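Quick notes on the structure that follows.
Please read all numbers here as calculations on a predicted model, not as lab measurements.
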Amino acid sequence: QEHYGGLKGLTVTWIGDGNNVLHSIMTSAAKLGMHLRIATPRGFEPDLGITKITEEYSKEYGTKLLLTTDPLEAADGANVLVTDTWISMGQEEEKKERLKAFQGYQITMQTAKSAASNWIFLHCLPRKSEEVDDEVFYSPRSLVFQEAENRKWTI
């Protein structure tokens, strides 16, 4: 909102795990007029019930929804690239399996090549380097620290 001046018509791309953070984005994006493109590895898709709700919202609000296993397909035309941890609390024993499953899902400048010319990057922190490389994370396109500051005002 602060960066673009509005949300309607923006394309948000999630690349990573079908977790609770993604579920929150899924249940709100269409209501805010945003298109949503999601890339998750097979077996790590968002909850089916949340997906059905998201499909209904997308129809109701006239937005587009894409679910894929291809991060580059999801990144195409994105204004916002977002990811989160691939290993949440309680999943530590799955670390080796998860890191293998998520190979190719790290957000890099190569991922962003097909994104919109004005793309930005978001991550709710803390971040691991396998999720997003340093070049993107520390670039001027990364708004992760502004995002973190904004959370302070909602607490």
Side-chain angles (χ1 to χ4, degrees), residues 1-88 98-148 150:
Q1 176 89 17
E2 286 176 35
H3 183 78
Y4 290 108
L7 301 175
K8 191 170 181 150
L10 292 179
T11 298
V12 175
T13 292
W14 176 273
I15 298 174
D17 191 18
N19 64 18
N20 61 319
V21 176
L22 173 59
H23 292 156
S24 293
I25 293 170
M26 290 173 72
T27 58
S28 59
K31 291 179 180 182
L32 298 169
M34 296 185 295
H35 307 293
L36 185 57
R37 301 172 69 84
I38 300 167
T40 59
R42 281 186 179 80
F44 297 91
E45 298 90 352
D47 178 83
L48 187 58
I50 300 291
T51 300
K52 287 181 180 179
I53 290 167
T54 302
E55 288 169 343
E56 290 171 16
Y57 287 163
S58 187
K59 287 178 189 169
E60 181 179 347
Y61 292 95
T63 61
K64 296 175 186 166
L65 173 66
L66 171 75
L67 288 100
T68 182
T69 58
D70 183 348
L72 296 178
E73 178 185 14
D76 190 42
N79 302 105
V80 183
L81 298 173
V82 188
T83 195
D84 184 27
T85 186
W86 297 343
I87 304 158
S88 294
R98 285 178 161 270
L99 290 177
K100 184 177 179 182
F102 284 88
Q103 285 182 355
Y105 282 78
Q106 181 191 49
I107 296 180
T108 65
M109 289 297 184
Q110 183 65 34
T111 312
K113 276 193 174 181
S114 66
S117 61
N118 64 348
W119 68 272
I120 60 162
F121 173 74
L122 297 175
H123 190 301
C124 63
L125 304 179
R127 117 347 156 148
K128 305 280 189 301
S129 59
E130 62 264 12
E131 300 154 2
V132 56
D133 71 4
D134 285 349
E135 187 177 12
V136 171
F137 187 79
Y138 292 109
S139 79
R141 294 184 179 268
S142 175
L143 300 183
V144 297
F145 299 114
Q146 294 93 322
E147 178 184 8
N150 284 341

Would you mind listing every side chain to side chain donor-acceptor pair (under 3.5 Å) that reaches into residues 72-84, with sequence neighbours excluded?
-> N19-D84, T68-E73, N79-N118
Side chains of [X] and [Y], heavy atoms from C-beta outward: is any pair under 4.5 Å?
| X | Y | answer |
| --- | --- | --- |
| V80 | T11 | no |
| Y57 | L65 | no |
| K128 | W86 | no |
| H3 | I120 | yes |
| M26 | T51 | yes |
| V82 | L22 | no |
| T108 | E135 | no |
| I38 | L66 | no |

Listed by chain and number, what are the side-chain hydrogen bond (donor to acceptor under 3.5 Å, both in side chains) partners of Q1, not counting sequence neighbours?
->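 Q1 satisfies side-chain hydrogen bond (donor to acceptor under 3.5 Å, both in side chains) with no residue once adjacent residues are dropped.
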Sequence-distant partners of R127, side-chain hydrogen bond (donor to acceptor under 3.5 Å, both in side chains), two or more places apart = D134
Using every non-hydrogen atom in the two residues, find where [X] and [Y] come nearest and quote the distance to one decimal.
| X | Y | value |
| --- | --- | --- |
| A39 | P71 | CB-CA, 3.7 Å |
| T111 | I15 | CG2-CD1, 3.7 Å |
| S139 | M109 | CB-CE, 3.9 Å |

Pairs touching residues 14-35 that satisfy ring-ring contact (aromatic ring centres under 6.0 Å, His included), sequence neighbours left out = none
Pairs satisfying ring-ring contact (aromatic ring centres under 6.0 Å, His included), at least one member in residues 107-146, at least two apart = F137-F145
Give a yes or no on whether the backbone of A74 and the side-chain of T13 come within a donor-acceptor separation of less than 3.5 Å.
->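 Indeed, once roles are kept as given, a pair shorter than 3.5 Å links the two residues.
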Donor-acceptor pair, side chain of S28 and main chain of S24, under 3.5 angstrom |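 Yes; judged by distance alone, with no hydrogens or angles, the pair exists.
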Any chance you could measure [X], atom [atom1], to [Y], atom [atom2], to the nearest 0.5 Å?
| X | Y | atom1 | atom2 | answer |
| --- | --- | --- | --- | --- |
| L36 | E55 | CG | CD | 11.0 Å |
| C124 | E147 | SG | CD | 6.5 Å |
| L143 | R141 | CG | CZ | 10.5 Å |
| L122 | L81 | CG | CG | 9.0 Å |
| S114 | L72 | OG | CG | 6.0 Å |
| E56 | Y61 | CD | OH | 11.5 Å |

E60, CD atom: more than 12 neighbouring heavy atoms under 6.0 Å | yes
Just distance, no hydrogens or angles: give the donor-acceptor pairs under 3.5 Å from side chains in residues 100-107, sequence neighbours left out.
residue : atom : partner : partner atom : Å
Y105    : OH   : T40     : O            : 3.2
Y105    : OH   : T69     : O            : 2.4
Q106    : NE2  : S129    : O            : 2.6

